[in-house]
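Note: hydrogens, waters and symmetry copies are ignored here, and every other heavy atom, side chains too, is used. Note that the numbering runs from 1 along the sequence shown for the chain.
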Amino acid sequence: MFAKFKYERIALSLIKLDEKNPRIVTLEHLKSQEAIVEYLFEHEALSAFLKKIATEGRNQGAERPYIVKSGKEYVVVEGNTRIAAYKLLTGQLKPPEHYASAVPHLPGPIRDELLSVDCTIAPSRDALLPIMAAAHFGLGDKSKWGYLGSRKAVYDEWKGGKSIAQLATAFDRKKGQINDLILEYKLYLAALKFDWTPAEKQILTDPAVEFNPPVRFLQGTGHRSAIGIELDRVNHAINFEDEEAKAKFRHLVKKLVISSEKGFGATSSYKDVFSDYPGAKPESDDTAQSGADGSNGSPGADDKSQSENNQKPGDKSSEKPKAPKLTAGALFNYPVTANNLLLKQLMKECKAINANKLPASATALLRSTIEAILKTIIEDQGANPKRNLLSLETALDICLGNTVQLGVDDRKILKEFKKNHLDYVNLGAHATVVPNALRLMAARDCVDQFVMRNI
């Protein structure tokens, strides 16, 4: 394997960082050396490596970086963090302004020692792929590429033209496993296409995001058919039966990745994960799987005890009444305990409406429901003594202020709604934007537990 590899000392100035580094998991291609350095600072602990080099000097026993020829220069395929550190410490690359203090000053002799590097020159990038895969993809002793990094590495090579058979050999996997890895990354890409808030998108695009739970959930008996999603292993395609299937998959990603809660995970039952989804029907044969700890995916006794210890008198925010069944596209279906005719009428309409078919009407209805609940809370607690007319925004501010007593969880929900969904429901209800069923359901999911506890 190594017959055509060469071992030489190469000038640091001739070595460039790798734009195709499997550790770089981004939606947009990083085209500049500076952008790669910033990524390494943010996601690959480059600051710590700089301190190590400055304190201990170059580790003479470290493995040589693997490089490949690129014109008159070289690209480092294995050892990007090391080369980036050398370039920063010698001034060949400048750090991003907000990381400038992370680059220590080195004495001249030590700095000069870094200006050339002992390297292993591979005949091609393809020749290095099996070596890198063995080290980072499987059970090697080096740091791993991570869940997304591993799948993106396979996906990128496949998109680059390699066959499934070639990838199976390079990554030491069966062909079926390679197919699965490509589909898993395509599931992630499908999730990114939904309309997320900036905060939600930030979580989902974090290279370290735990996207494994929804993928494993879809492997559960009957789960894919219940959601309406097909994984085409022949054509490497993700097929949704209809818009409802997309909405369910979005709910799954939000539930298990973006707003993950203790007790919900890959081994949760379909019924548990979709109990609060409007219109989702339980599987005919609901196979609630056990978790690794022997649980059935529901919070255990320790969770219950903790919840009770944190609950204050009169605080309903920790209570979780059993979620009722919903017809397709319904917003809510909770019994109204307050003696309030407006709330009863609104809840009646929330139960009957199909938001997937009537997103404009449902957006206005959701806005009215939230506003009515907030005004009821304010009225009940005497937080509007002058009986001023209140807008939704004003009612939100009052309920988040000191004059209204709300549970901790309810305050968190209202803050999230105000930050991520208020503008949408206002613009949607006031004929400024085209209402979108997925965006609407995101707002609905945000306030669901608040509505359940306060009507």
Side-chain angles (χ1 to χ4, degrees), residues 25 27 43 137 144-155 176-177 179-197 199-231 233 238-240 244-278 280-283 286-300 302-303 320 323 416 438 441-442 445-446 448-449:
V25 184
L27 300 181
H43 303 291
F137 193 87
K144 305 300 182 290
W145 285 334
Y147 179 85
L148 285 182
S150 296
R151 282 143 186 82
K152 186 175 185 295
V154 176
Y155 175 83
Q177 291 175 308
N179 286 327
D180 289 341
L181 292 168
I182 293 172
L183 283 174
E184 287 174 15
Y185 193 70
K186 279 203 161 187
L187 274 172
Y188 172 70
L189 295 178
L192 293 177
K193 293 179 180 179
F194 294 123
D195 186 10
W196 302 104
T197 66
E200 292 169 338
K201 191 69 172 286
Q202 184 177 8
I203 294 173
L204 202 55
T205 55
D206 186 331
V209 65
E210 294 291 338
F211 198 76
N212 189 32
V215 173
R216 288 181 57 205
F217 180 87
L218 290 173
Q219 296 169 355
T221 304
H223 288 179
R224 288 197 298 274
S225 61
I227 292 175
I229 185 172
E230 177 195 9
L231 306 183
R233 301 173 85 240
I238 309 297
N239 299 321
F240 295 97
E244 180 76 5
K246 293 180 180 179
K248 288 180 180 179
F249 179 58
R250 184 190 187 282
H251 176 86
L252 175 68
V253 173
K254 183 175 177 65
K255 191 87 171 181
L256 299 189
V257 180
I258 295 176
S259 302
S260 60
E261 302 176 17
K262 187 174 182 180
F264 289 97
T267 57
S268 296
S269 70
Y270 181 93
K271 181 178 179 181
D272 286 340
V273 173
F274 285 88
S275 63
D276 58 345
Y277 174 79
K281 297 179 181 179
E283 297 169 294
D286 187 8
T287 55
Q289 303 178 43
S290 297
D293 59 355
S295 68
N296 63 357
S298 302
D302 291 342
D303 300 321
K320 285 193 175 182
E416 181 184 349
L438 291 178
M441 284 306 183
D445 288 348
C446 173
D448 176 60
Q449 300 297 302

Could you pull out the closest heavy-atom pair between Lys255 and Asp276, with the gap in Å?
NZ-OD2, 2.9 Å
Is it true that atom CD of Gln202 has more than 12 heavy atoms of other residues, nucleotides or ligands lying nearer than 6.0 Å?
no
Taken to the nearest 0.5 Å, the spacing of Tyr277 OH from Glu244 CD works out to 3.5 Å
Could you pull out the closest heavy-atom pair between Pro207 and His43, with the gap in Å?
CD-CE1, 3.4 Å
Given Tyr270 and Ile227, is the side chain to side chain contact (heavy atoms under 4.5 Å, CB included) satisfied, shown in steps?
CA-CA 9 Å; Tyr270 181 93; Ile227 292 175; 3.9 Å; yes
Please test Glu210 against Val257 for side chain to side chain contact (heavy atoms under 4.5 Å, CB included), starting from the C-alpha separation and ending with a verdict.
CA-CA 7 Å; Glu210 294 291 338; Val257 180; 6.0 Å; no
Name the orientation class of the two ring planes belonging to Tyr188 and Tyr185 (parallel below 30°, tilted from 30 to 60°, perpendicular beyond 60°).
tilted
Test your reading of the model: is there a side-chain donor-acceptor pair from Arg250 to the backbone of Trp196, 3.5 Å cut-off?
no
Provide the closest heavy-atom pair for Leu252 versus Phe217 in the form atom of the first, atom of the second, distance.
CD1-CD2, 3.5 Å
With sequence neighbours left out, what residues match Glu184 under salt bridge (charged side-chain N to carboxylate O under 4.0 Å, His left out)?
Arg151
Side chain to side chain, Leu231 and Leu187, heavy atoms closer than 4.5 Å
yes
Looking at Leu218 and Arg224, what are the two nearest heavy atoms and their distance?
O-NH1, 2.9 Å
More than 12 non-hydrogen atoms from neighbouring residues, nucleotides or ligands closer than 6.0 Å to CD on Gln177, yes or no?
yes
How close do Ile203 and Ile258 get, heavy atom to heavy atom, and via which atoms?
CD1-O, 3.8 Å
Examine distances only and state if a side-chain atom of His251 and a backbone atom of Val273 form a donor-acceptor pair shorter than 3.5 Å.
yes
From Ser268 OG over to Arg216 CZ, what is the distance, rounded to the nearest 0.5 angstrom?
10.0 Å
Closer than 3.5 angstrom, by distance alone: can the side chain of Lys254 be matched with the main-chain N or O of Glu200 as a donor-acceptor pair?
no
Look at the rings of Phe240 and Phe194 and say which category their plane angle falls in: under 30° parallel, 30 to 60° tilted, over 60° perpendicular.
perpendicular
Sequence neighbours excluded, which residues qualify as salt bridge (charged side-chain N to carboxylate O under 4.0 Å, His left out) partners of Lys186?
none
Could you tell me if the side chain of Asn239 sits less than 4.5 Å from the side chain of Ile229, heavy atoms only?
no
Would you call Leu189 and Tyr155 a side-chain contact if the rule is heavy atoms closer than 4.5 Å?
yes
For Arg233 and Asp180, work out which heavy atoms get closest and say how close.
NE-OD1, 2.9 Å
